[in-house]
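For reference, the structure discussed in these notes is given below.
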Protein chains: 2
Amino acid sequence: MEHYKDEPKTLLAVDCIIFGFNGESLQILLIKRGFEPEINKWSLMGGFVQPDESPDGAASRILFKLTGLQDVYMEQSAVFGKPHREKMDRVVSISYFALIDIREYQHINSQEFKAKWFPIDEYPELIFDHVDMINTAKRLLRSKAALYPILFELLPEKFTLPQISNLYEAVYEIVIDKRNFNRKLLSSNLLIKLKEKDRENSKKGAFFFVIDKDVYKEHIVTFLRFLPSWSAQDMGK
Amino acid sequence: MEHYKDEPKTLLAVDCIIFGFNGESLQILLIKRGFEPEINKWSLMGGFVQPDESPDGAASRILFKLTGLQDVYMEQSAVFGKPHREKMDRVVSISYFALIDIREYQHINSQEFKAKWFPIDEYPELIFDHVDMINTAKRLLRSKAALYPILFELLPEKFTLPQISNLYEAVYEIVIDKRNFNRKLLSSNLLIKLKEKDRENSKKGAFFFVIDKDVYKEHIVTFLRFLPSWSAQDMGK
DNA sequence: TCAAAAGTGTTTCAAGTACACCCATGA
DNA sequence: TCATGGGTGTACTTGAAACACTTTTGA
């Protein structure tokens, strides 16, 4: 009962652009490949889509394999499929980007893969078209985050106002006026102030906040601009 | 020199959501399938990615085959790949959306396919998950068009102000205040007013405009909101 | 002359932007 | 006590929104 038996089949892969934030700069998680081809070169974490799983499922599986994390914010980014993007085999790859709290990853300490965090614009040479994948994901991240408050996925559950503004400054490579930014943020009613303070990063200490989950869900399908319009250049897709 | 010979291969298809605008409502172009499976049912125009072409190339080829049009605005929408989305075979499909000037299509009159335009929310039952594809593409179109002036791709080269506002009203299903909308549009310097008038749609006639191509290219990578913020709900990706 | 669509201006209000100082604390 | 980062308020400017009437012309 197969109908398409004369049609060509292809290898279908997924590659994950894993974003993290260390408090200062936006980072990506790369691995040193342990298999051929291109063994021992740096690359994105990837793998092949299996017959019994969807591409989204494959991406989650692969992210879990590397980081031990589940239920992570993840989104399809783009399909890369030029005939000779890999030299030996024809592989079409779907790229995904994931946003994770870098600190949760750090106590995983995966032995299986040689993985390392790199600043978003200071990483080693990568195989195939993985640089294009990263650039596309970066544009998509900026574009999406200009409309939706997804960047909170990069922060721990409890975070401070300075952390958020540092994050936005890192993602967009801009300088933010903290007074205006904080006001806009607070006026969204998205944040709940805790009594507790973070004393790690300053002497005075900065108050912790958490997301108001109900409001957050609404914002996911609503318009909210967290950035001044002049910062929104080159957002791609 | 193949490295991945134990990995599974899959059929990889593309499906095109072809948007057109008839002056009143947003339309999509559907075909009646001339082949098994699901012969004689309505569906999106699609086809398989060939070994010597990229997915983007496949989408362009398929669009050309149906419409005779080339150099059309086209964008990757999303990948659909649940294991059993087609009953008999495992097919992963990349959906694309295209924006075409419906009038250019109309003098093509393709005999090869039984194709027909349908209003965007009034089309027949479709095979597989093509309805999901259309909904995803619709959300993406709205989201993208809220930031970039891509909807002009749906209009003829010369168009009138009432045509543009009808188009935005159709895409977002809103009612627009023409005075505010026209002012915003004109203040973008994106439009060049011609001396000529369109007399087909009214007695008084409406002036034609064309896009200022240089400004247009800049807007493609710049921020410009053509819509009131309250209209921007449910824009998905 | 009238019906039908095109085109035009002003006021009000909300949001964005620019800008500078005091506060709390640990070293 | 001082160096460091956290936090707060106001005036100004720009853009968004609400709103109604006149113009043109073919039938």
Side-chain angles (χ1 to χ4, degrees), chain A residues 22-24 146-147 149 155 158-170 172 174-209 219 222-233, chain B residues 22-24 146-147 149 155 158-170 172 174-209 219 222-233:
Chain A
N22 66 0
E24 275 190 10
L147 306 180
L155 294 172
K158 293 189 297 186
F159 48 82
T160 65
L161 293 182
Q163 282 176 333
I164 308 178
S165 52
N166 286 345
L167 174 55
Y168 275 83
E169 289 185 329
Y172 291 97
I174 54 173
V175 177
I176 285 177
D177 181 310
K178 272 76 178 173
R179 289 164 294 194
N180 294 333
F181 187 75
N182 288 355
R183 179 163 14 150
K184 198 155 157 186
L185 219 40
L186 294 172
S187 76
S188 72
N189 290 319
L190 196 61
L191 304 185
I192 301 170
K193 190 174 187 170
L194 303 183
K195 308 230 157 129
E196 198 185 346
K197 273 188 168 184
D198 167 33
R199 303 206 167 268
E200 276 181 37
N201 299 303
S202 76
K203 295 163 185 172
K204 182 176 179 181
F207 280 103
F208 278 121
F209 289 79
H219 276 87
T222 304
F223 230 57
L224 203 153
R225 299 239 321 263
F226 279 102
L227 289 169
S229 53
W230 52 263
S231 70
Q233 322 130 353
Chain B
N22 66 0
E24 274 189 11
L147 305 180
L155 294 172
K158 293 189 297 186
F159 49 82
T160 65
L161 293 181
Q163 282 176 333
I164 307 177
S165 52
N166 286 343
L167 174 55
Y168 275 82
E169 290 185 328
Y172 291 97
I174 54 173
V175 177
I176 285 176
D177 181 311
K178 271 78 178 172
R179 288 165 294 192
N180 293 333
F181 187 76
N182 287 355
R183 181 183 21 227
K184 198 155 155 186
L185 218 42
L186 294 172
S187 75
S188 72
N189 290 319
L190 196 60
L191 305 185
I192 301 169
K193 189 176 188 169
L194 304 183
K195 309 231 155 128
E196 197 183 349
K197 274 186 167 184
D198 166 34
R199 303 206 167 268
E200 276 182 36
N201 299 303
S202 75
K203 294 162 185 172
K204 183 178 179 181
F207 281 102
F208 277 121
F209 288 79
H219 275 87
T222 302
F223 231 56
L224 203 154
R225 301 239 321 265
F226 279 104
L227 289 169
S229 52
W230 51 264
S231 70
Q233 320 129 355

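What you see below is based on every heavy atom in this structure, not just the backbone, and it leaves out hydrogens, waters and symmetry mates. Per chain, numbering begins at 1; letters A, B, ... match sequence-line order. All values reported here derive from a predicted model rather than from experimental measurement.
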Just how far, in rounded Å, is [atom2] of [N] from [atom1] of [X]?
X: D177(A); N: dA20(C); atom1: CG; atom2: C1'; answer: 11 Å
X: L185(A); N: dT8(D); atom1: CG; atom2: C1'; answer: 15 Å
X: F181(A); N: dA15(C); atom1: CZ; atom2: C1'; answer: 16 Å
X: E200(B); N: dA27(D); atom1: CD; atom2: P; answer: 13 Å
X: F208(A); N: dG7(D); atom1: CZ; atom2: P; answer: 11 Å
X: N180(A); N: dA11(D); atom1: CG; atom2: P; answer: 15 Å
X: I176(A); N: dG6(D); atom1: CD1; atom2: C1'; answer: 16 Å
X: I174(A); N: dT17(C); atom1: CD1; atom2: C1'; answer: 14 Å

- Query: Is L191(B) close to I164(B) at the side-chain level, that is, under 4.5 Å between some pair of heavy atoms?
  - Reply: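 Sidechains of L191(B) and I164(B): in contact.
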- Find out whether P149(A) and L190(A) are in side-chain contact, i.e. whether some heavy atom of one side chain is under 4.5 Å from a heavy atom of the other.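 Touching, per the 4.5 Å side-chain cut-off.
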- Write down the atom of K158(A), the atom of Q163(A), and the distance for their closest heavy-atom approach.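 Shortest heavy-atom separation between K158(A) and Q163(A) comes out as O-OE1, 4.3 Å.
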- Query: Looking only at heavy atoms, what is the nearest atom pair of K197(A) and K204(A), with distance?
  - Reply: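 Nearest heavy atoms, K197(A) then K204(A): NZ-O, 3.3 Å.
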- Report yes or no: is the cationic atom of K193(B) (NZ for Lys, CZ for Arg) under 6.0 Å from the centre of the six-membered ring of F209(B), at an angle within 45° of the ring normal?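 No, K193(B) and F209(B) do not form such a contact.
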- Query: Could you give the distance from CG (D177(A)) to CG (N182(A)), rounded to the nearest 0.5 Å?
  - Reply: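 Separation between the atoms: 9.0 Å.
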- Any donor-acceptor pair under 3.5 Å joining the side chain of R179(B) to the base of dT22(D)?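 In this structure, the two groups form no donor-acceptor pair.
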- Query: What nucleotide, of dT25(C), dG9(C), dG7(C), holds the atom closest to the side chain of R199(A)?
  - Reply: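 Side chain of R199(A) sits closest to dT25(C).
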- Item | E24(A) and N166(A): CA distance, side-chain angles, deciding distance, side-chain contact (heavy atoms from CB on, under 4.5 Å) verdict | CA-CA 6 Å; E24(A) 275 190 10; N166(A) 286 345; over 6 Å; no
- Item | Which residue lies more 5' along DNA chain D, comparing R183(B) with L186(A) via nearest heavy atoms |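 Its nucleotide being nearer the 5' end, the pick is L186(A).
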Quick test: give all pairs of protein nitrogen or oxygen and nucleotides 2-6 of chain C nitrogen or oxygen below 3.5 Å, distance rounded to 0.1 Å.
| unit_1 | atom_1 | unit_2 | atom_2 | d |
| --- | --- | --- | --- | --- |
| dA6(C) | N3 | K204(B) | NZ | 3.1 |

